[in-house]
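To start, the structure itself, in structure tokens.
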Amino acid sequence: MPEFDTIEFDKSEEARSGRARLFLVATGTLSTAHLPFWLNWLSSNRPHYEVTIGLTNSARKFVSAPALAAITGSPVVGNTWDTANGMQPVHTRIAADHDGLLVFPASVAFTSALAAASGASPFHLAALGTTAPVVLAPTFPPGVAANPLVADVFRRLGSVPNYHVVAPRKGTSRSTGAETDVTAPLWDVIAAFEAAGRAPAPTGTSAPAADTTVTAPAQAPVST
């Protein structure tokens, strides 16, 4: 199992008043079905955060794009090169227009392709090209996290200065009932983003404008 860090949330009123522009990528996992819950939570605890949702093709099987657009007030972005005008550079706009890129939940397929520096999709290319914090919240089917190949994926991701991997939580697989490692609650992801925004920027880059933290509900929904 890879080693990950968990950062405690700042629950101050000053943190709650913070502002940031986030691009949140959701991938194809069962945990993605909880995204409307988390976005409602985020809007209550970070009312000044502007969030744009990006859905991979597989994520669309688990959550409704119109519902996400209604919650965030922003159109949902597809992981495709085809745009309304046929020419818009989707990946460069994602990288340039946001203070942070969150992958929540982050599937094994998405993280493996990112660790391989795959530029096969706009979302991967945006994550490769941005100097803003990229926060990954992985989820694993039973047994997968223990595979040495997967551990190597996360070692490579952890070596990138602006990448931050959030520790998953122990949960139960919906398909087998076995214990497994499931997506961390969104407050862990936001805490990692905000801590990265306060840290010194890597040499040759400027730190993104990010602020601080959150109040949490009593229990996070988890599934895999």
Side-chain angles (χ1 to χ4, degrees), residues 2-7 9-10 15 17-27 42 46 48-56 59 72 74-81 83 87-107 109-138 152-167 183-184 186-214:
E3 294 293 329
F4 304 121
D5 293 327
T6 299
I7 299 170
F9 294 114
D10 176 355
S17 66
R19 296 179 181 272
R21 295 167 299 170
L22 301 178
F23 191 87
L24 189 156
V25 174
T27 66
L42 183 61
R46 286 293 180 272
H48 305 297
Y49 274 24
E50 299 176 25
V51 181
T52 299
I53 302 297
L55 292 181
T56 65
T72 62
S74 298
V76 171
V77 178
N79 195 23
T80 176
W81 304 110
T83 60
M87 294 294 290
Q88 185 179 9
V90 178
H91 57 288
T92 54
R93 288 265 52 89
I94 293 170
D97 293 348
H98 298 89
D99 301 310
L101 194 157
L102 316 180
V103 187
F104 175 85
S107 67
F110 189 95
T111 52
S112 297
L114 183 59
S118 170
S121 79
F123 293 169
H124 284 104
L125 209 53
L128 291 170
T130 185
T131 57
V134 175
V135 183
L136 302 151
D152 182 61
V153 163
F154 284 93
R155 277 194 294 270
R156 280 182 281 160
L157 293 172
S159 71
V160 181
N162 64 315
Y163 284 18
H164 309 274
V165 181
V166 176
T183 314
L186 186 58
W187 55 78
D188 282 0
V189 178
I190 295 299
F193 161 71
E194 293 170 343
R198 294 191 298 270
T203 303
T205 66
S206 57
D211 304 276
T212 35
T213 60
V214 184

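- Looking at every heavy atom in both residues, Thr27 comes nearest to Ser107 through OG1-N, 3.0 Å.
- Of the possible polar contacts, none joining the Asn79 side chain to the Ser121 backbone as a donor-acceptor pair under 3.5 Å is found.
- The distance from atom CG of Leu102 to atom CG of Leu42, rounded to the nearest 0.5 Å, is 8.5 Å.
- A pairwise comparison of heavy atoms in His98 and Arg93 identifies ND1-O, 4.1 Å as the closest pair.
- Of the inter-residue distances, the one linking Arg19 atom CZ with Asp99 atom CG reads 12.0 Å to the nearest 0.5 angstrom.
- Considering every non-hydrogen atom in both Ala127 and Val134, the closest pair reads O-CG2, 4.0 Å.
- To the nearest 0.5 Å, atom CD1 of residue Ile53 and atom CG of residue Leu22 are 9.0 Å apart.
- Between His164 and Pro133 there is a side-chain heavy-atom pair separated by less than 4.5 Å.
- Distance alone, capped at 3.5 Å, places no donor-acceptor pair between the Ser112 side chain and the Ala109 backbone.
- Side-chain contact between Phe123 and Leu101 is absent, with no heavy-atom pair separated by less than 4.5 Å.
- At a threshold of 4.5 Å between non-hydrogen side-chain atoms, the residues Val77 and Phe23 count as touching.
- One finds the CZ atom of Phe193 at 5.0 Å from the OH atom of Tyr49 (value rounded to the nearest 0.5 Å).
- Using modelled atom types, no side-chain atom of Tyr163 and backbone atom of Leu136 make a donor-acceptor pair closer than 3.5 Å.
- Nearest heavy-atom pair, Asn162 versus Ala132, reported as atom, atom and distance to 0.1 Å: ND2-O, 2.8 Å.
- Remark: the backbone N or O of Phe110 is paired with a side-chain donor or acceptor of His124 at under 3.5 angstrom.
- Looking at heavy atoms from C-beta onward, Ile94 lies out of side-chain contact with Leu125 at the 4.5 angstrom threshold.
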